[in-house]
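A short write-up of the structure that comes next.
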Protein chains: 2
Amino acid sequence: MEKIQPRSLYLEVADRVRDLIEQGSLLPGEKIAEKELCESFGVSRTPLREALKVLTSEGLVENLPNRGSRVVRLTRQGVKNTYDVMGALEGLSGELACQHLSDEDVEQIRALHQRMLNHYRNGELAPYFEVNQQIHERILAASNNDVLIEMYNNLSQRVKRIRYSVEMGQANWAKAVADHEAMLEAIDARDGKRLGDILRAHLGHKLEVATVSGIIDEE
Amino acid sequence: MEKIQPRSLYLEVADRVRDLIEQGSLLPGEKIAEKELCESFGVSRTPLREALKVLTSEGLVENLPNRGSRVVRLTRQGVKNTYDVMGALEGLSGELACQHLSDEDVEQIRALHQRMLNHYRNGELAPYFEVNQQIHERILAASNNDVLIEMYNNLSQRVKRIRYSVEMGQANWAKAVADHEAMLEAIDARDGKRLGDILRAHLGHKLEVATVSGIIDEE
DNA sequence: TATTTGAATAATGAATTCATAATACCGAAA
DNA sequence: TTTCGGTATTATGAATTCATTATTCAAATA
């Protein structure tokens with residue numbers, strides 16, 4: 001039997017605003033007009049303001065007293081900082097995952113890995129990224145550490161709105177794939193230490209940062 | 001000329017509630033009566049409710065729709081999960097710190113280290129912990145990564161309300177001190193990789209977890 | 001013409017009010 | 001006595017209202 005989950009309005013609103021930010025309907029640095037959003041959502045200002053406060057503590061929005069809320073600007077340094085932390089968390093996810101991964105889990109990851117390799121060989125970048133991310137998510141989930149998952153998802157959300165210029169140097173791409181091969185070996189051996197080291201050094205993200213497009217502020 | 005910093009009321013309230021939780025005036029699992037708190041703070045329900053939503057997204061409070069807010073319960077597993085993530089973050093802080101630590105920074109850390117050793121030799125546990133924490137904070141600050149600092153502080157806040165039974169096995173204590181000696185060597189050599197590894201394995205916290213007292217829920 | 005001052009307007013912050021859901025209470029029936 | 005049902009009470013959720021602070025824009029001054 002499935003539980004009925006009543007959800008608060010402010011959470012719903014927060015989700016919607018998060019989506020707007022992620023999809024670029026609300027741009028970094030843009031002022032968030034409460035009245036406007038309220039009308040488009042069909043709610044009063046109270047739940048919207050509550051949602052904005054949540055998003056503020058999530059790092060997506062900033063709150064200037066008496067001057068309303070804005071979408072936080074991304075700086076190159078800020079994005080790098082975020083990816084550095086995500087890397088550390090991925091490293092931990094690898095270590096922990098090896099303690100929990102069942103044989104079936106590993107088989108599923110291996111299947112994903114093969115699909116990823118196919119996309120790589122065919123030069124299909126978008127599908128490659130898609131499957132790539134699924135692999136990392138599997139490992140994260142297998143960490144069985146909900147605090148870790150929560151932190152990672154928060155950071156992930158902050159940089160989701162970045163759209164990468166879809167160009168990855170052939171060498172970098174090959175390196176990333178090689179990393180994944182090594183990851184699979186470590187997983188097979190349930191060698192958490194090694195998987196963690198690989199993931200920490202994987203830098204899949206950092207590579208991308210270098211090629212970030214528009215919405216990041218310079219200076 | 002110093003800038004005037006207007007602070008929102010809800011942030012003030014959030015700080016106060018955080019303190020109440022940290023000091024144990026609000027116990028894990030305890031229902032948070034809005035009316036009561038409002039009166040004691042002298043504010044209306046609106047800023048309090050906003051503050052509670054912030055604390056919810058910080059992981060200190062949970063929100064049951066239509067049934068109000070409670071202080072989240074700490075479970076052994078939850079605390080372990082938190083410390084695991086904190087360990088990973090500390091590891092990263094060590095790696096990054098080595099890229100930024102000035103000679104003066106190192107000297108200050110060395111001084112703290114010596115004070116810590118004195119407390120160790122005198123068997124003064126509380127002062128030892130105090131200085132110990134200052135060292136870790138210095139390293140964290142030297143990471144120059146505000147995202148990392150923010151995440152760490154959040155997690156730290158979640159477990160701050162735990163009061164440890166002040167007993168640490170002599171062997172564990174000696175091990176912790178030895179770790180710190182190694183840390184200082186790595187810092188001197190600006191060997192980020194090594195410092196990171198030491199910090200990740202330091203487990204200073206995990207040792208404590210085993211001896212946690214009252215407010216953690218079993219099961 | 002550029003800059004500053006002040007009034008009008010709009011937006012935000014916080015308290016209050018209203019609606020709704022949960023809890024407590026009490027009596028009746030098994 | 002215990003359990004069920006129904007009402008009264010209370011607390012929460014959300015909208016609304018009120019107060020205060022920013023912003024805009026026009027007029028006045030340099």
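These numbers come from a predicted model, not from an experiment. Just so it is clear: chains get the letters A, B, ... in the order the sequence lines come, proteins before strands, and each one is counted from 1.
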**Fill in**
Here the residues of residues 10-20 of chain A within 4.0 Å heavy-atom distance, strictly under, of DNA chain D are none

**Asked** Looking just at side-chain N and O atoms, do B:Arg18 and B:Gln157 make a donor-acceptor pair shorter than 3.5 Å?
**Response** no

**Asked** Looking only at heavy atoms, which two atoms of B:Ser93 and B:Ile139 are closest? And how far apart?
**Response** OG-CG2, 3.7 Å

**Asked** Where do A:Met86 and A:Val159 come nearest, in terms of heavy atoms and distance?
**Response** SD-CG2, 4.2 Å

**Request:** Side chain of B:Arg49 only, please: which of D:dG13, C:dT23, D:dA11 is the nearest?
**Result:** D:dG13

**Whole-Å distance separating the CG atom of A:Asn66 from the P atom of C:dA14** = 7 Å

**Message:** Please classify the nucleic acid contact of B:Glu34 as base, sugar-phosphate, or nothing, using heavy-atom distances under 4.0 Å.
**Reply:** sugar-phosphate

**Request:** Looking at every strand, decide which applies to B:Leu48 at a 4.0 Å heavy-atom threshold: base, sugar-phosphate, or nothing.
**Result:** nothing

**Item:** Separation of D:dT23 C1' from A:Leu64 CG (nearest whole Å)
**Value:** 14 Å

**Asked** Do we see a donor-acceptor contact under 3.5 Å between the side chains of A:Ser102 and A:Asp105?
**Response** yes

**Message:** Return whichever of A:Arg67 or B:Arg67 has its heavy-atom-nearest nucleotide of DNA chain C closer to the 5' end.
**Reply:** A:Arg67

**Request:** Compare every heavy atom of A:Gly192 with every heavy atom of A:Glu95, then report the nearest pair and how far apart it is.
**Result:** CG-O, 3.4 Å

**B:Lys31 vs C:dA22: side-chain N/O to OP1/OP2 distance below 4.0 Å** = no

**Request:** Would you mind telling me which of C:dT23, C:dA11, D:dA22 lies closest to the side-chain atoms of A:Lys35?
**Result:** C:dA11

**Request:** Measure across A:Gly59 and A:Val72 and return the closest heavy-atom pair with its distance rounded to 0.1 Å.
**Result:** O-CG2, 3.3 Å

**Request:** Under 4.0 Å between any heavy atoms, over every strand shown, what does B:Lys53 touch: base, sugar-phosphate, or nothing? Just pick one.
**Result:** nothing

**Asked** Once you round it to whole Å, what is the distance between C1' of D:dA22 and CZ of A:Arg70?
**Response** 12 Å

**Message:** Just the rounded figure in Å: distance from C1' of C:dA14 to CZ of B:Phe41.
**Reply:** 16 Å

Hey, what are the protein-to-nucleotides 15-19 of chain C N/O distances that come in under 3.5 Å?
residue : atom : partner : partner atom : Å
C:dA15  : OP2  : B:Ser44 : N            : 2.9
C:dA15  : OP2  : B:Ser44 : OG           : 2.3
C:dA15  : O5'  : B:Ser44 : OG           : 3.2
C:dA15  : N7   : B:Thr46 : OG1          : 2.7
C:dT16  : O4   : B:Thr46 : OG1          : 3.4

**Asked** What integer distance in Å separates A:Arg7:CZ from D:dA14:C1'?
**Response** 16 Å

**Prompt:** Of the non-hydrogen atoms in B:His136 and B:Met183, which two are nearest, and what is the gap between them?
**Reply:** CE1-CE, 4.3 Å

**Request:** Please work out if A:Leu52 contacts a base, only the sugar-phosphate, or nothing of the nucleic acid, heavy-atom cut-off 4.0 Å.
**Result:** nothing

**Request:** On the 0 to 90° scale, with breaks at 30° and 60°, tag the B:His180-B:His202 ring pair as parallel, tilted or perpendicular.
**Result:** perpendicular

**Item:** Atom pair distance, as rounded to whole Å: CG in A:Leu37 and C1' in C:dA11
**Value:** 14 Å

**Message:** Whether the B:Gln108 and B:Glu104 side chains hold a donor-acceptor pair (N or O, under 3.5 Å, no angle test) is what I'd like checked.
**Reply:** no

